[in-house]
Amino acid sequence: MGAAPAFASVGEAMDMARAALGYLATVDATRLAAETQAACLRDLERTDAAATAARASFLSAFTTGKGYSADADYSARVWLMHKTGITRSAAASHTAWARRYGTHPRVIAALAAGELSESYGRTICQWTDRLPEKYREESDELLVKAAAAGLGLADLSALFAEMYQRARSDLPDEDPARGFADRGVRLETTFQGAGVLTGDLIPECAAVVAKVLDALSAPAGKDDDRTKEQRYHDALAEAMRSL
């Protein structure tokens, strides 16, 4: 990664960022070699990570200064929905990163440097939030370095499990569900009653959901041409109806 270019102002930097992404959005990717497509996809993930870090910085300051009150909104999340045209779940995701800006500086720095994807960064934060605060910064550092070295999510999860067990003496009566502060499920209805379901599940809940969906989503014979995602959707509907 080269040195960041200098800009005369934040506005100039934003104009350049939009212009660059606008250019990429209009490129005919089918005319590019697979190697170029792959390089662009990798760089776009790094761009998304840096954008997450930048947004977290601005939104953290905006929230602390109650900048949203100038538009008669009562929270940054509501302001985002009203003034930037995003959904409730997207606003919740953005405000969660704004909170992490002050509590997970190493993860934010890794995102800004393009060393970590947004999704890996979010997962690491959700994990280390379950640790006592005195262990959080060191654990973030170790997990970020491990991810940068190429460890996948399963290996990172195993590494965190070791960290968690070492910290258990400081958390003898911890409720795992209570410790997972970012847990939640969001259902938004869209056009003609269709829905968008998103969420962050604690391990125990994720295991139960996976077991139910796997049990109810087996292909219905050789002519069943549904994708796995479609079968999971139908399994969820069947599970809900059975209740």
Q. Could you walk me through whether K211 and D214 pass the salt bridge (charged side-chain N to carboxylate O under 4.0 Å, His left out) check?
A. CA-CA 5 Å; K211 187 173 183 179; D214 286 340; over 6 Å; no

| task | Establish whether Y101 and L80 are linked, either directly or via other cluster members, by ILVMFWY side-chain heavy-atom contacts under 4.5 Å. | result | no

| task | Decide yes or no for V10 and F58: does some side-chain heavy atom of the first lie under 4.5 Å from some side-chain heavy atom of the second? | result | yes

With a 4.5 Å cut-off on side-chain heavy atoms, are L197 and L236 touching?
yes

To the nearest 0.5 Å, atom CZ of R122 lies from atom CG of L116 at 11.0 Å

query: When you look at F62 and W79, which way does the ring-ring contact (aromatic ring centres under 6.0 Å, His included) test go after all the steps?
result: CA-CA 11 Å; F62 186 75; W79 184 91; 4.7 Å; yes

Short side-chain to backbone donor-acceptor contact, S157 and L153, under 3.5 Å | no

Note to self: For the backbone of L32 and the side chain of Q37, can you confirm whether one donor and one acceptor N or O come within less than 3.5 Å of each other?
What the structure shows: yes

(message) Just so I know, are the side chains of L24 and L44 near enough to count as touching, which here means a heavy-atom distance under 4.5 Å?
(response) yes

* S93 side chain vs S89 backbone, donor-acceptor pair below 3.5 Å -> no

Ignoring hydrogens and geometry beyond distance, is a side-chain donor-acceptor pair present between D71 and H82 at under 3.5 Å? no

Rounded to the nearest 0.5 angstrom, the NE2-OG1 distance for H94 and T63 is 12.0 Å

Distance col, row R100:CZ vs T52:OG1, nearest 0.5 angstrom, shows 10.0 Å

In T103, L131, T128, I108, the residue satisfying side chain to side chain contact (heavy atoms under 4.5 Å, CB included) with D140 is T128

CZ (R42) and OG (S117) are apart, to the nearest 0.5 Å, by 14.5 Å

Check: When you check the gap from the basic side-chain N to the acidic O, do R231 and D234 get nearer than 4.0 Å?
Finding: no

One should read off an interatomic distance between R55 CZ and W97 CH2, to the nearest 0.5 angstrom, of 11.0 Å

Heavy-atom donor-acceptor pair, D224 side chain to R226 backbone, under 3.5 Å | yes

Between the CG atom in L143 and the OH atom in Y120, the distance rounded to the nearest 0.5 Å is 12.0 Å

With distance as the sole test, does S60 use its side chain to make a donor-acceptor pair with the main-chain N or O of S57 at under 3.5 Å?
no

E115/R106 ion pair, N-O < 4.0 Å
yes

Q) Is it true that atom CD of E138 has more than 12 heavy atoms of other residues, nucleotides or ligands lying nearer than 6.0 Å? A) no

With a distance cut-off below 6.0 Å to the six-membered ring centre and an angular limit of 45° from the axis, does K66 pair with Y68 as a cation-pi contact? no

Using modelled atom types only, decide if a donor and an acceptor are shared between the side chain of E162 and the backbone of L159 within a distance under 3.5 Å.
-> no

>> Donor-acceptor check, side chain of T95 to backbone of A92, threshold 3.5 angstrom: yes or no?
In response: yes

